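The structure appears right after this line, and notes come after that.
Residues: numbered from 1 along the sequence shown. Source: prediction; values computed, not measured.
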Amino acid sequence: MPRRISESKQDKKRKADYEALTSPFMQIEGMKVAGARALLDLNIRHTYELRGRAPEVLLEELSKKRKSVADDDYLKYFRLAVDYAEREA
């Protein structure tokens, strides 16, 4: 029985990874799957939604949402994404 539970968790992770891999954020040079997944977790689905956003605030929001301190690597991904969105405008 415990094996089914872990398979279920594994399926959820695969689905989240697939969603992140197929997101528009993966078009950003230097973006990793973890960064795209973090943006999706914040309910950001398109790059234009990042225009005018502060990467530091996104990091705080992620920390609150995940109920833990988000790694500073996410700040790098958020900066990449915000910079891309503002250049795209």
Side-chain angles (χ1 to χ4, degrees):
M1 195 74 158
R3 193 162 194 216
R4 283 188 164 190
I5 293 171
S6 65
E7 287 175 356
S8 176
K9 286 181 182 179
Q10 204 171 29
D11 288 343
K12 287 180 183 178
K13 184 177 179 342
R14 279 190 198 127
K15 185 177 178 182
D17 286 347
Y18 181 78
E19 184 181 16
L21 281 168
T22 59
S23 73
F25 306 118
M26 292 307 296
Q27 295 176 5
I28 301 170
E29 188 174 336
M31 181 62 71
K32 302 287 183 191
V33 174
R37 189 174 337 137
L39 289 165
L40 293 170
D41 287 349
L42 292 172
N43 294 319
I44 298 170
R45 300 286 183 246
H46 304 282
T47 54
Y48 70 84
E49 296 176 78
L50 292 164
R51 291 182 195 143
R53 299 289 302 266
E56 295 79 10
V57 173
L58 292 170
L59 185 66
E60 287 176 26
E61 290 175 9
L62 183 65
S63 294
K64 287 178 187 175
K65 183 147 187 133
R66 293 189 176 171
K67 298 180 182 166
S68 65
V69 177
D71 191 340
D72 283 339
D73 284 343
Y74 290 108
L75 185 58
K76 174 187 161 191
Y77 303 138
F78 294 159
R79 284 183 177 146
L80 281 171
V82 169
D83 183 54
Y84 178 88
E86 291 182 354
R87 280 185 287 127
E88 191 180 51

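Here the closest non-hydrogen pair linking Ala36 and Ser23 is CB-OG, 3.8 Å. Contact record, Asn43 with Glu49: O-OE1, 3.9 Å, taken as the closest heavy-atom pair.
Remark: Arg79 pairs with Pro55, Glu56, Leu75 by the side-chain contact (heavy atoms from CB on, under 4.5 Å) rule, at least two apart or across chains.
Using a 4.5 Å cut-off on side-chain heavy atoms (C-beta onward), Leu42 and Phe78 make contact. Looking at Lys32 and Asp73, their side chains never come closer than 4.5 Å, going by heavy atoms from C-beta outward. A heavy-atom distance below 4.5 Å is not found between the side chains of Leu50 and Tyr84.
Under a hydrophobic clustering in which Ile, Leu, Val, Met, Phe, Trp and Tyr are joined whenever their side-chain heavy atoms come within less than 4.5 Å, directly or via other members, Tyr48 and Ile44 fall into different clusters. A continuous path of hydrophobic side-chain contacts links Phe25 to Leu21 [ILVMFWY only; heavy atoms under 4.5 Å].
Using a 4.0 Å cut-off between charged side-chain N and carboxylate O, Asp41 and Arg66 make a salt bridge. A salt bridge links Asp83 with Arg87: the closest approach of a Lys/Arg side-chain nitrogen to an acidic carboxylate oxygen falls below 4.0 angstrom. In summary, Arg14 and Asp11 engage in a salt bridge, as defined by a charged side-chain N under 4.0 Å from a carboxylate O.
Put simply, CD on Glu88 and NE2 on His46 are 11.5 Å apart, with the number rounded to the nearest 0.5 Å. Atoms OH and CG, from Tyr77 and Leu58 in turn, are 15.0 Å apart once rounded to the nearest 0.5 Å. Ser68 contributes atom OG, which lies 7.5 Å from atom CG of Leu62 (distance to the nearest 0.5 angstrom). Taken from CD in Glu61 to CG in Leu39, the straight-line distance is 10.5 Å, to the nearest 0.5 Å.
Distance alone, capped at 3.5 Å, places no donor-acceptor pair between the Arg51 side chain and the Val82 backbone. Side chain of Glu86 to backbone of Gly52: a donor-acceptor contact under 3.5 angstrom is found.
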